[in-house]
Protein chains: 2
Amino acid sequence: MYQLDDTDRRLLLELDQDPRMTVLLLAQRTGLARGTVQARLERYRTEGVLRLGSTMVPPAALGYGLHATVSAELDQHQLDEAVEALRRIPEVLECHAPAGDIDLLCHVVARDPDDLYRVAEEIRLCPGITRTSTSVYLREVIGYRVRPLLRHGGGPRARTRRAPVR
Amino acid sequence: MYQLDDTDRRLLLELDQDPRMTVLLLAQRTGLARGTVQARLERYRTEGVLRLGSTMVPPAALGYGLHATVSAELDQHQLDEAVEALRRIPEVLECHAPAGDIDLLCHVVARDPDDLYRVAEEIRLCPGITRTSTSVYLREVIGYRVRPLLRHGGGPRARTRRAPVR
DNA sequence: GAGGCCTTGATCATATCGATCAGTCTTACA
DNA sequence: TGTAAGACTGATCGATATGATCAAGGCCTC
């Protein structure tokens, strides 16, 4: 994967505040030449550095005020099918496969408790999933963010130069 | 919180593919008038609908290839201090307070296992946190996403009209 | 020391931007 | 049922940013 250098981080930090910031303004704020900024932006597009889904919408603004984790045990032979099915459930925001006895951890949202029950059911019915357990989040203490990583992350181990692309 | 209507969703879906898409192009793709699109975009900015942190950078592109959950038990009296301290750790991407015996669940990233150990230690040293337990993610099955919610979420219960703003 | 890559700073014609206006439509409310 | 408020439209304007392109300079690897 394309590794971001310090120039990228500065650019992305600015973009993070306003993704639609003008190239000219970006150049000023980062102290780079306009052409450079343009080239980087172009590269982000072509290389797909920025994830599809670059627009962060808080789920609550869509009416999804309830967060929860659904942990699922599954038949290991059907992992791919299960994942494929989960991917089709919009309320599943994230899903991870942890080391340990639980096989999949899904971060889901729902409109209300009833809706959460429905979502949990949908997950339980995914192929290969044998059992689920739901844990409601009382509070979203820190919402998903990458910004601090851009700003402070790295430090001593930071690269000054981008690693070879290919 | 500002509730997004169907027009917003269409706009945001387009923006999601390319946050820097031209207003003119947005207007064409959504079938709206240019002025309307401009007004909405302006509103997103002023009302802060789009989260700060609108640029989604995959942590792996910053060198953080390891994902994990750190669950923490804490002295309930010091919740605020703990959260404040966690917020200062860049590697903490998200944090939730679930109902149940574990008090905080943090989604963290790290460069490698050693680095993860360091991050877990930092969390353990936060004020009020009495005990932590780390669970490594073998695989990020579904990365954080909101797009499907924009596209399919809602359905029968979708609002056709934005709820009163104030 | 040569070649490659990235950056810079400049230019150009074109397209977009933000602001503004009057007119129409919808919804909410009396 | 009529009126008022708000949202969307379609149009205009000048100012500005855009994308493309170029030659030149810097830094790296080989």
Side-chain angles (χ1 to χ4, degrees), chain A residues 1-50 54-55 57 61-63 150 154 156-166, chain B residues 1-50 52 54-55 57-58 61-63 150 154 156-166:
Chain A
M1 172 174 270
Y2 184 98
Q3 287 297 310
L4 303 167
D5 65 15
D6 201 61
T7 300
D8 292 314
R9 296 160 71 124
R10 273 190 294 159
L11 274 174
L12 291 172
L13 262 175
E14 294 300 329
L15 280 178
D16 183 81
Q17 291 194 301
D18 177 9
R20 300 183 58 79
M21 187 181 290
T22 268
V23 175
L24 222 52
L25 201 57
L26 274 173
Q28 288 174 13
R29 304 265 276 242
T30 55
L32 299 168
R34 192 174 72 100
T36 307
V37 174
Q38 226 158 268
R40 295 279 177 151
L41 290 183
E42 183 55 30
R43 187 153 58 195
Y44 299 155
R45 202 166 354 214
T46 59
E47 302 226 18
V49 177
L50 300 184
S54 293
T55 307
V57 179
L62 290 168
L150 281 171
R157 300 197 212 179
R159 294 139 187 69
T160 55
R161 196 75 192 158
R162 196 171 31 268
V165 175
R166 220 161 305 274
Chain B
M1 171 174 268
Y2 184 98
Q3 287 297 311
L4 302 167
D5 65 14
D6 202 60
T7 301
D8 292 314
R9 295 159 73 124
R10 273 190 295 159
L11 273 174
L12 290 171
L13 263 174
E14 294 298 330
L15 278 178
D16 185 81
Q17 291 193 302
D18 177 9
R20 300 182 59 79
M21 186 180 293
T22 268
V23 175
L24 220 53
L25 201 57
L26 274 173
Q28 288 174 11
R29 305 265 275 243
T30 56
L32 298 168
R34 191 174 73 98
T36 307
V37 173
Q38 226 158 266
R40 295 278 178 153
L41 290 183
E42 184 53 30
R43 188 152 57 195
Y44 299 157
R45 203 168 349 214
T46 60
E47 303 227 17
V49 176
L50 301 183
L52 197 66
S54 294
T55 307
V57 178
L62 289 168
L150 280 172
R157 299 196 213 180
R159 293 139 186 69
T160 55
R161 196 70 193 163
R162 192 166 41 266
V165 173
R166 215 162 307 273

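The structure displayed is predicted, hence computed values, not measured ones. Throughout, a chain's letter reflects where its sequence line sits, starting with A, and its residues are numbered from 1.
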Problem set entry | Protein-nucleotide distance (B:Glu42, atom CD; D:dC8, atom P), rounded to Å | 14 Å
Exercise. Do A:Thr55 side-chain atoms and B:Leu15 backbone N/O form a donor-acceptor pair below 3.5 Å?
Worked result: yes
N/O to N/O distances under 3.5 Å, protein versus nucleotides 20-24 of chain C:
none

For this session: Would you mind reading off the distance between A:Asp6 atom CG and C:dC6 atom C1', rounded to a whole angstrom?
Result: 15 Å
Problem set entry | Nearest-Å distance for atom pair CG/P, residues B:Leu41 and C:dC17 | 9 Å
Exercise. Say you draw a straight line from CD of B:Glu47 to CZ of B:Arg40; how long is it, rounded to the nearest 0.5 Å?
Worked result: 10.5 Å
Seminar exercise, completed: Residue pairs passing the salt bridge (Lys or Arg N to Asp or Glu O under 4.0 Å) test with at least one member in residues 19-36 of chain B, sequence neighbours excluded, are B:Glu14-B:Arg29
Exercise. Would you say the side-chain atoms of B:Thr30 pair up with the backbone N or O of B:Arg10, donor to acceptor, closer than 3.5 Å?
Worked result: no
Exercise. Taking the side chain as C-beta and beyond, is there a heavy-atom pair between B:Leu32 and B:Leu26 under 4.5 Å?
Worked result: no
Problem set entry | Difference in axis direction between the ends of the helix from C:dG1-D:dC30 to C:dA30-D:dT1, five pairs, 10° | 60°
Exercise. How far does CG of B:Leu12 sit from CG of B:Leu150, to the nearest 0.5 angstrom?
Worked result: 5.5 Å
Exercise. Think A:Arg40 has a side-chain N or O under 4.0 angstrom from the OP1 or OP2 of C:dC6?
Worked result: no
For this session: Could you state the atom-to-atom distance from CZ of B:Arg45 to P of C:dG18 in whole Å?
Result: 7 Å
For this session: List the atom of A:Ala33, the atom of A:Ala27, and the distance in Å for their closest heavy-atom pair.
Result: C-CB, 4.2 Å
Exercise. B:Leu62 versus A:Arg9: any side-chain heavy-atom pair under 4.5 Å?
Worked result: yes
Exercise. Can you list, by residue number, the residues of residues 15-34 of chain B that have a non-hydrogen atom closer than 4.0 angstrom to DNA chain D?
Worked result: B:Leu32, B:Ala33, B:Arg34
Problem set entry | A:Asp8 (side chain) donor-acceptor with A:Asp5 (main chain) under 3.5 angstrom | yes
Seminar exercise, completed: In whole angstroms, the gap separating P of D:dC27 from CG of A:Asp5 amounts to 16 Å
Seminar exercise, completed: B:Glu42 meets the side-chain contact (heavy atoms from CB on, under 4.5 Å) criterion, sequence neighbours left out, with B:Arg45, B:Thr46
